[in-house]
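This is a predicted model, so every value here is computed, not measured. Below, chain A is the first sequence line, B the second, and so on; all start at residue 1. Note that these values count all heavy atoms, side chains included, but never hydrogens, waters or copies made by symmetry.
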4 protein chains.
Amino acid sequence: MTTGVVLEEAQKVVDVARGKAAEIGVPMNIAVVDAGNNLTAFARMDGAWLGSIDIAQNKAYTARAFDMPTGDLQPLVQPGQPLYGIEASNDGNLIAFPGGIPLERDGEAVGAIGVGGGSVEQDHEVAAAGVAAF
Amino acid sequence: MTTGVVLEEAQKVVDVARGKAAEIGVPMNIAVVDAGNNLTAFARMDGAWLGSIDIAQNKAYTARAFDMPTGDLQPLVQPGQPLYGIEASNDGNLIAFPGGIPLERDGEAVGAIGVGGGSVEQDHEVAAAGVAAF
Amino acid sequence: MTTGVVLEEAQKVVDVARGKAAEIGVPMNIAVVDAGNNLTAFARMDGAWLGSIDIAQNKAYTARAFDMPTGDLQPLVQPGQPLYGIEASNDGNLIAFPGGIPLERDGEAVGAIGVGGGSVEQDHEVAAAGVAAF
Amino acid sequence: MTTGVVLEEAQKVVDVARGKAAEIGVPMNIAVVDAGNNLTAFARMDGAWLGSIDIAQNKAYTARAFDMPTGDLQPLVQPGQPLYGIEASNDGNLIAFPGGIPLERDGEAVGAIGVGGGSVEQDHEVAAAGVAAF
């Protein structure tokens with residue numbers, strides 16, 4: 001097993017994501033979880049949506065929970081699709097729309113980032129910037 | 001940063017909203033939260049739906065959580081739309097239909113009103129009357 | 001059955017309690033529930049403890065739940081006493097220390113007030129002022 | 001009303017607290033909430049107790065909820081004391097032992113820090129170091 005995300009890395013991911021959010025002009029909530037899916041770093045940029053404090057953390061949680069971008073779950077949870085209703089599990093901590101992405105080392109998920117505060121496209125873009133810094 | 005909603009303002013917003021509800025003949029539950037999304041004032045008019053005591057508070061919470069009228073979320077949370085499933089977050093406190101509106105000062109959200117007890121159109125109308133008094 | 005607390009009465013009880021809180025110089029959270037133990041009026045005075053938004057409502061709930069001042073429950077919930085552990089019931093909404101008092105009409109409980117923001121003695125004093133106005 | 005804690009300040013408080021934790025050789029979880037008691041910054045140092053991810057956040061929440069160090073609540077919540085049983089309120093988010101301290105500006109609480117991962121004395125020491133940097 002490779003080494004999980006450590007705080008220094010998580011903080012760097014958050015900082016780079018903050019930079020991207022500032023660049024596109026949308027204040028964001030940004031969370032990073034480690035290999036054990038436990039919160040490692042979090043920042044709420046001034047003026048970011050209060051409702052996304054929770055959602056950013058849940059996106060990171062979801063991305064590590066299933067080792068895939070949260071947007072990949074979106075088609076699967078629709079009515080009539082295989083994972084319809086999954087949000088009721090995991091104590092209500094799952095989010096199945098874009099903004100969460102796993103952090104990988106040697107092809108293995110060792111953490112995740114979750115971002116909330118803009119459109120789902122903006123959230124994903126900021127999360128991707130954080131991932132690129134890992 | 002502008003000053004958040006204070007009690008005197010919140011109470012005035014509730015009172016004006018009550019007046020509008022009385023005018024249209026529908027008893028309402030009316031809640032106001034402050035800049036930090038904490039409950040500041042609440043009134044349940046005699047005969048208002050008991051189930052909307054919670055919903056009115058959640059509408060105010062949601063409007064401040066995302067700094068937009070709760071009705072704006074409605075198309076976004078439908079099956080196949082970007083925020084489908086968001087209600088599972090925020091400990092079940094989100095309401096994505098009309099009746100919650102932010103209270104703004106100098107273009108910045110500093111609180112919100114939430115109203116429940118009638119049709120969503122009536123709820124929004126009463127909330128809007130409260131906002132106009134701010 | 002006598003008539004339960006109506007909003008006009010609840011609002012008057014809150015207003016008088018606010019006056020007493022202002023008089024003793026301690027900002028308070030003040031809640032009133034009706035005969036059905038449902039929230040009817042609430043006000044958070046500017047600067048009142050955020051943690052007592054919940055507690056004031058729970059004191060009102062508890063006072064109507066058992067038709068007695070919440071302080072009367074205090075000796076009963078201590079280790080070794082008859083109601084030890086009762087706080088785990090009622091979804092965590094019970095508070096067994098002073099600040100909640102029933103509102104009675106013709107000797108029958110028809111609502112309650114709950115106050116939080118100061119010492120339990122201050123909370124009780126402010127609640128009592130509200131009761132006296134009923 | 002003074003301005004609440006902003007992210008730049010919160011991050012500085014976290015960083016200084018991390019330095020103190022490193023100095024005493026105990027990895028800590030460190031959280032900062034803003035004036036509205038919403039999470040603003042969080043860091044889990046490598047190897048810090050997983051169980052204190054939640055507790056550190058709750059200590060910050062509690063310190064802002066009652067505008068006092070969480071250790072001040074400890075004698076008050078013991079059996080037979082005035083606030084016995086209070087932990088059942090606030091959705092189980094209260095912690096009544098040391099490690100949480102308000103952040104004040106001009107004598108007014110505008111946020112709080114919460115620390116968990118060591119003895120309560122160590123937690124308090126690290127929190128106090130963070131406060132001193134504010």
Quick check against the 3.5 Å criterion: does Glu87(C) have a side-chain atom that pairs as donor or acceptor with the backbone of Gly85(D)?
no
Can you tell me how far CD1 of Ile95(C) sits from CD1 of Ile86(D), rounded to the nearest 0.5 angstrom?
6.0 Å
Residue pair Phe97(C) / Tyr84(D): nearest heavy atoms and the distance that separates them
CD2-O, 3.7 Å
Cut-off 4.5 Å, heavy atoms of chain C, and the answer for Leu83(D) is both
One should read off an interatomic distance between Leu50(C) CG and Tyr61(D) OH, to the nearest 0.5 angstrom, of 7.5 Å
Nearest heavy-atom neighbours spanning Gln74(C) and Gln81(D):
NE2-O, 3.5 Å
Does any backbone or side-chain atom of Val120(C) lie under 4.5 Å from a heavy atom of chain D? Answer side chain, backbone, both or neither.
side chain
Please indicate whether Gln78(D) has more than 12 foreign heavy atoms, meaning atoms of other residues, nucleotides or ligands, lying under 6.0 Å from its CD.
yes
Picking from Asp54(C), Leu94(C), Ile53(C), Asn93(C), what satisfies side-chain contact (heavy atoms from CB on, under 4.5 Å) with Ser89(D)?
Asp54(C)
Heavy-atom donor-acceptor pair, Asn90(D) side chain to Gly51(C) backbone, under 3.5 Å
yes
Residue among Pro82(D), Ala88(D), Pro79(D) with most heavy-atom pairs under 4.5 Å to chain C
Pro82(D)
Need one label for Ser52(C): side chain, backbone, both or neither, based on atoms under 4.5 Å from any heavy atom in chain D.
both
Side chain to side chain contact (heavy atoms under 4.5 Å, CB included), that's the test. Do Trp49(C) and Met68(D) meet it? Break it down for me.
CA-CA 10 Å; Trp49(C) 283 341; Met68(D) 65 177 74; 3.8 Å; yes
